[in-house]
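Written out below as structure tokens is the structure these notes cover.
Chain A is the first sequence line, chain B the second, and so forth, proteins listed ahead of strands; every chain is numbered from 1. Given the structure is predicted, the values throughout are model-derived calculations rather than measurements.
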There are 2 protein chains.
Amino acid sequence: MSDTDELAVWCAGDEWCPVTTTATLIGRKWHPVIVHRLLEKGPLGFNALESEIDGISSKVLSDSLDDLEEAKLVDREIVSEKPFRVAYSLTERGEDLEDVIEAMAEWGRTHLVPADEEGI
Amino acid sequence: MSDTDELAVWCAGDEWCPVTTTATLIGRKWHPVIVHRLLEKGPLGFNALESEIDGISSKVLSDSLDDLEEAKLVDREIVSEKPFRVAYSLTERGEDLEDVIEAMAEWGRTHLVPADEEGI
DNA sequence: GAAATCTGGTTACATATAGTAATCAACAGT
DNA sequence: ACTGTTGATTACTATATGTAACCAGATTTC
């Protein structure tokens with residue numbers, strides 16, 4: 001299976017819904033944020049990525065990256081064996097999520113506001 | 001708080017991230033699908049909505065609708081007391097998620113394909 | 001060369017969300 | 001009286017996420 005192949009997903013019922021299948025892949029708390037940071041910053045190591053994502057723990061980041069790798073949205077490359085270094089980056093499929101992520105960011109900027117800025 | 005007020009959300013750390021906060025509201029398995037169906041079909045009753053969403057159970061739909069109501073994305077209106085009927089609909093804030101949902105649908109159409117159609 | 005620090009994680013445990021299946025009360029229709 | 005529809009809830013199981021501590025290997029600092 002090449003990088004540009006479509007990912008087969010089964011969906012129960014008569015009608016196949018692209019929103020449902022997309023949501024099963026990225027409809028989780030941290031997945032969009034991870035993709036967003038990799039879009040912004042390019043390839044990052046594990047700790048660098050963790051520092052970029054405020055509020056995530058190394059355990060949850062590790063689990064989420066496993067999911068995203070399995071979904072072929074993120075690539076994990078071993079950059080160096082000694083010392084051991086890795087780089088997480090987006091696949092083409094992952095980069096194509098830019099429109100989704102940007103729409104989420106725009107919605108957030110319009111409809112949400114940090115608690116600090118409330119009532120200024 | 002009126003319907004058009006911004007929803008205050010706290011986010012740990014120095015930088016506030018609109019993607020993170022948006023993802024905490026809709027970054028779940030069924031939330032985007034529910035919003036999608038209400039965008040497509042307009043206001044629906046509980047069972048009608050359940051029928052529109054293939055694979056969801058009444059329990060999970062009920063829980064998800066509670067979340068979406070609390071997030072001020074969905075309104076629950078009691079249409080009739082006798083017989084008892086309700087209508088779930090999107091708030092203005094919820095309708096504004098259209099760009100996000102449409103981007104998800106487009107990504108899904110491009111990168112995913114139902115298992116049936118594989119290798120035709 | 002011993003100690004501190006950085007990298008890329010794992011482990012054990014607790015809580016939250018999602019899935020399965022059955023059930024329910026209040027009607028309405030026949 | 002019986003069947004079906006509406007709008008759910010309940011009990012239970014299974015994943016997902018959160019918290020905190022910890023770890024080995026390598027490098028840097030003294």
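- Using a 4.0 Å cut-off, some side-chain N or O of Tyr88(A) falls inside it from OP1 or OP2 of dG9(C).
- Salt bridge annotation for Glu77(B)-Arg85(B): absent, with no cationic side-chain nitrogen under 4.0 angstrom from a carboxylate oxygen.
- As rounded to whole Å, 16 Å separates atom C1' of dA8(D) from atom CG of Leu44(B).
- The base of dT10(C) lies close enough to the side chain of Ser58(A) for a donor and an acceptor atom to sit less than 3.5 Å apart.
- Among the protein residues, Val86(A) comes within range of the sugar-phosphate backbone only, with heavy atoms under 4.0 Å from sugar or phosphate atoms but none that close to a base.
- The distance from atom CG of Leu61(B) to atom P of dT20(C) is 14 Å, rounded to the nearest whole Å.
- Atom CZ of Phe46(A) is separated from atom P of dC23(D) by 18 Å (rounded to the nearest Å).
- Where Arg85(A) and Gly27(A) meet DNA chain C, the nucleotide closest to each residue was compared, and Arg85(A) sits on the side nearer the 5' end.
- We find that NE2 of His31(B) is positioned 16 Å from P of dA16(D), with the value rounded to whole Å.
- Rounded to a whole Å, the CD1 atom of Ile78(A) is 16 Å from the P atom of dG25(D).
- If you check distances only, the side chain of Lys59(A) never reaches the base of dG9(C) with a donor-acceptor pair under 3.5 Å.
- Here the CG-OG distance, from Leu65(A) to Ser58(A), works out to 11.0 Å after rounding to the nearest 0.5 Å.
- Between dT7(C), dA12(C), dG9(C), one nucleotide has an atom nearer to the side chain of Ser62(A) than all others, and that is dG9(C).
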Which is it for Asp75(A) and Leu90(A) under the side chain to side chain contact (heavy atoms under 4.5 Å, CB included) test, yes or no, and what are the steps along the way? CA-CA 6 Å; Asp75(A) 260 348; Leu90(A) 293 171; over 6 Å; no

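- Of the residues near DNA chain C, Ser57(B) and Glu50(A), the one whose nearest nucleotide (by heavy atom distance) lies more toward the 5' end is Glu50(A).
- One interatomic measurement links the two molecules: CG of Asp67(B) to C1' of dA16(C), which rounds to 11 Å at whole-angstrom precision.
- Side-chain atoms of Ser64(A) do not come within 3.5 Å of backbone N or O of Trp30(A) as any donor-acceptor pair.
- For Trp30(B) and dT17(C), the shortest distance from a side-chain N or O to OP1 or OP2 is not below 4.0 Å.
- Rounding to whole angstrom units, CG of residue Leu65(A) and P of dT10(C) are separated by 10 Å.
- Side-chain atoms of Lys29(B) lie closest to dG19(C) of the nucleotides dG19(C), dG18(D), dT17(D).
- Distances from the side chain of Phe84(A) to the nucleotides dT17(D), dG8(C), dA18(C) place dG8(C) closest.
- In this structure, CG of Leu49(A) is placed 14 Å from C1' of dT7(C), rounded to the nearest angstrom.
- For the pair Asn47(B) and Asp63(A), both in contact range of DNA chain D, the more 5′-proximal nearest nucleotide belongs to Asn47(B).
- Without hydrogens or angle criteria, Thr22(A) side chain to Ala105(B) main chain gives no donor-acceptor distance under 3.5 Å.
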